[in-house]
Every structure is written in C-alpha cells, then in structure tokens.
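Predicted model, so just to flag it, every value in this text is computed and none were measured. Chain identifiers are assigned alphabetically (A, B, ...) following the order of the sequence lines, protein sequences preceding nucleic acid strands; residue numbering begins at 1 within each chain.
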Protein chains: 2
Amino acid sequence: MFSIGELSRRTNVKVPTIRYYEESGLLDAPERTEGNQRRYDAAGLERLSFIKHARDLGFSIEAIAALIELQGHPDRSCAEANDIATAQLSDVRAKIKRLRALEKELVRISNGCDGGGVTEDCYVLASLSDHGLCERDH
Amino acid sequence: MFSIGELSRRTNVKVPTIRYYEESGLLDAPERTEGNQRRYDAAGLERLSFIKHARDLGFSIEAIAALIELQGHPDRSCAEANDIATAQLSDVRAKIKRLRALEKELVRISNGCDGGGVTEDCYVLASLSDHGLCERDH
DNA sequence: TCTTGAACCTCTAGTCACTAGAGATCGTAT
DNA sequence: ATACGATCTCTAGTGACTAGAGGTTCAAGA
Ligand SMILES: [Zn+2]
Ligand SMILES: [Zn+2]
Ligand SMILES: [Zn+2]
Ligand SMILES: [Zn+2]
C-alpha cells in the first residue's frame, strides 16, 4: 500500500494527472486511509503503467478507456484492440506526412533569410504573405 | 467593404475564428455598419491571409503576433523573424522525430496481432502493458 | 414598402489532456 | 507536542478554436 506521491514517483506520472485519470474513469478509485488519503496497491501501479505507456504512444484517453475495457474481458475477440492500434498508426502517419510537408516549406523559408536584412525585404515575411511562393499545399 | 461572411469565404477561415483572432489582437477591430456589423477592406483580407498561412505552417498565435508586429516596422532588422521561423522549423523536426519513433513501435505492435485472437493473448495489449517489448524509448 | 430569412451580433460553455494555485487537513519524524 | 511536507478538494487557466442560445440587422423579392 503506497501513497499517490509514491505512485507518482514509480510511474513518472504527476500527482494531479493521476487524480485526473481517476476522475476520467481510467483508474479505479483506490482505497483511502481514515484521513481520506489515497492508498494504492500493485494492481493500481500496473494499471497506471499501462495508461502511461499508451499515452506515451499517443493513444487518446478515450482509446485507452476502450483498451482497458477489453482487457477486462480476457475471452473476447481482440479485433477491436487491433483496430484501435491500427487507427493510431494511421493517425501518426498522417501527422508525419503533414509535418514533412511543413518542414520542406520551412526549410525554404528560413534559408531565404539570413536575419541580416530589414523586415521590409525579409523573405520570411514575404513567404508568409504569399502562399504562391510555396511549393505545395499544406 | 465586405462582411465577415464574405471574408470567411475568401480566406477559408471560419467566422468564429475570425472573431477569435480579433479578440486575440491579431486582427485590428474593423469598421462597423450602423447596425454594428463588421465591414472589412483589402487590408483586413491581406492580414487574415497572412495569419491563415502562418497557422497552416504551424506557427502559434503568439509567434504570429510577433511577426505582425515586425511587419509593422519595415526598417527594423529581420533577425527576430528569422529566429521565429528557425524555431518553428526545429519544433516541426522534433515532432517528426518523436512521431517516427512512435510509428516504428506501432508498426511492430499492430503487426503482432491479426485481430483474430482473444484479448488475453493479444500482442497489442501485451505491448502496452510492457514497455520492455519496445525497441526504444518514447 | 413590407416581409422574409439568411447572416450577423454577444456571451457562455465545451473541447483535450492536463497544470497551477488556494486553502485546509493529514501523516510522520523528532 | 510540534513542525512540515504530503495530501485533500475545488476552481480556474492553457491553446486554438467550436457550438449553441437568444437576439438583431441586412438585403432581396413581392
Ligand atoms: Zn529576413
Ligand atoms: Zn504556403
Ligand atoms: Zn490481438
Ligand atoms: Zn514502449
């Protein structure tokens, strides 16, 4: 049995975030001391580690809630778990694609200016004013 | 002189977003009709196009405010504009780097499961429970 | 000129995943 | 017994919008 601060230290999840996860329904409400302080056990630690890992991989709170629900029914098909992971992968890939396009334009934009001029002639400001200078859409 | 709806159509920025930009200080408060409706001119359109383009490239409202401020002083050094663009580029690159690491793990995770099993044996759920299965940190 | 109805106005609240702070209580070590 | 860090609840703030309520104005057709 350990305190919320101890749980925080062991998982690298901040105390207010742990309380937020409880409020959001991701963590079960733990036992309390007589003085109303939370006391966690190994199951609580394991659950929070799962959540932390999923968050680190970019899953939303909603997706994590669904995954936890599935975990609670060991005999159910894992098709939905696979769907959630696949959706997360597509999401990440879409973000990468967009960011790579932005990266290209930003390289062009910042290469066009050495910071030694005057704002009136600045290629950064000109580029932002005129999307026609861009090589592609974003 | 045109209405906020017309400005919205010409820039592909939604009406409430335009009002939000005004409230945030990115857009000057425009003239009003006798009935209190906003009326924009070419300068307003140009300004909003600038903001839209910068937002599309991922610049924050705060960064855009700084860029607009610089634009208003044509004889000032453009070093700061260059700094802002360079910072934005680093930011985008950092995001790409993180997302690529996530992508790798997610490929492994979703390849490890065909959705045909049972949650108890699901590689997706096992991977989320155990960061030790990951090839790197995130 | 009158009427209709789309567009406009302000204001509040909701989104996501936290983060910060106030003010009060608890637990533990000396 | 006292001190003091940790914990409690509650509210509000973040960024960049989005949604909705309830009311007013504009412009076009009859
Ligand atoms: Zn420059
Ligand atoms: Zn562009
Ligand atoms: Zn599976
Ligand atoms: Zn991992």
(message) Determine whether a donor-acceptor pair (N or O, by modelled atom type, separation under 3.5 Å) exists between the side chain of A/Ser110 and the backbone of B/Ala85.
(response) no

(message) Rounded to whole Å, how long is the line connecting atom CG of B/Leu48 with atom P of D/dA16?
(response) 16 Å

(message) Nearest heavy atom decides the nucleotide; on that basis, is B/Glu23 or B/Arg9 closer to the 5' end of DNA chain C?
(response) B/Arg9

(message) What I want to check is whether the side chains of B/His53 and A/Asp130 have a donor and an acceptor closer together than 3.5 Å.
(response) no

(request) Would you mind reading off the distance between A/Asn12 atom CG and C/dT19 atom P, rounded to a whole angstrom? (result) 13 Å

(message) Over all strands shown, is A/Tyr21 touching base, sugar-phosphate only, or nothing at heavy-atom distances under 4.0 angstrom?
(response) sugar-phosphate

(message) Check A/Glu103 with A/Arg100, please: is the shortest side-chain N to carboxylate O separation under 4.0 Å?
(response) no

(request) Please tell me which of A/Arg39 and B/Gly35 maps to the more 5' nucleotide of DNA chain C, matching each residue to the nucleotide holding its nearest heavy atom. (result) B/Gly35

(message) With a cut-off of less than 4.0 Å, is there a side-chain N or O of A/Lys14 near OP1 or OP2 of C/dC18?
(response) no

(message) Can you identify which nucleotide, out of C/dC9, D/dC26, D/dT18, has its nearest atom closest to the B/Arg38 side chain?
(response) C/dC9

(message) Among D/dA16, D/dT7, C/dC8, which nucleotide has an atom closest to any side-chain atom of B/Ser3?
(response) C/dC8

(request) Compare all side-chain heavy atoms of B/Leu57 with those of B/Gln88 and state whether any distance is below 4.5 angstrom. (result) no

(message) Without decimals, in angstroms, what is the distance between A/Ile51 CD1 and C/dC18 P?
(response) 10 Å

(message) Taking the side chain as everything from C-beta on, heavy atoms only, tell me whether B/Ile61 gets closer than 4.5 Å to B/Tyr21.
(response) yes

(message) Just the rounded figure in Å: distance from P of C/dA17 to CG of A/Asp56.
(response) 14 Å

(request) Please check the phosphate of D/dA16 (OP1 and OP2 only) for any side-chain N or O of B/Ser24 closer than 4.0 Å. (result) no

(message) If I take atom CG in residue A/Asn36 and atom C1' in nucleotide C/dA24, what distance separates them, rounded to the nearest angstrom?
(response) 12 Å

(request) Ignoring the backbone of B/Arg32, work out which of C/dT10, D/dC17, C/dT19 is nearest its side chain. (result) C/dT10

(request) Compare all side-chain heavy atoms of B/Arg93 with those of A/Val107 and state whether any distance is below 4.5 angstrom. (result) yes

(request) Let me know the distance between CE of B/Met1 and P of D/dA27, rounded to the nearest Å. (result) 13 Å

(request) Report yes if at least one side-chain N or O of A/Arg19 is closer than 4.0 Å to OP1 or OP2 of D/dC8; otherwise report no. (result) yes

(message) Based on the rotation axes of five pairs at each end, what angle does the helix from C/dT1-D/dA30 to C/dT30-D/dA1 bend through, to 10°?
(response) 10°

(message) What is the distance, to the nearest angstrom, from the CD atom on B/Glu62 to the P atom on D/dT14?
(response) 12 Å

(request) Check A/Glu22, A/Glu6, A/Glu31 against A/Arg38 for a salt bridge (Lys or Arg N to Asp or Glu O under 4.0 Å) and give me the one that passes. (result) A/Glu22

(message) Among C/dC9, D/dC8, D/dT18, which nucleotide has an atom closest to any side-chain atom of B/Pro16?
(response) D/dT18

(message) Measure CZ/B/Phe2 against P/D/dT25 and give the value in whole Å, please.
(response) 23 Å

(message) Just checking A/Glu62: does its CD atom have more than 12 heavy atoms from other residues, nucleotides or ligands closer to it than 6.0 angstrom?
(response) no

(message) Give me the atom names and distance for the closest heavy-atom approach of B/Asn82 to A/Val124.
(response) CA-CG2, 4.3 Å

(request) Would you mind telling me which of C/dC9, D/dA16, C/dC18 lies closest to the side-chain atoms of B/Tyr20? (result) D/dA16

(request) Tell me which nucleotide among C/dA17, D/dC26, D/dA16 gets nearest to the side chain of B/Arg55. (result) D/dA16

(message) From C-beta outward on B/Ile61, which listed nucleotide comes closest to its side chain: D/dA16, D/dC8, C/dT19?
(response) D/dA16

(request) When you get a sec, tell me which of C/dA17, C/dC8, D/dA6 is the closest nucleotide to the side chain of A/Gln37? (result) D/dA6

(message) Closest-nucleotide mapping onto DNA chain D: is B/Glu34 or B/Phe59 further toward the 5' terminus? I mean the 5' end.
(response) B/Phe59

(message) Would you say A/Thr33 places a side-chain N or O within less than 4.0 Å of OP1 or OP2 belonging to C/dG27?
(response) yes

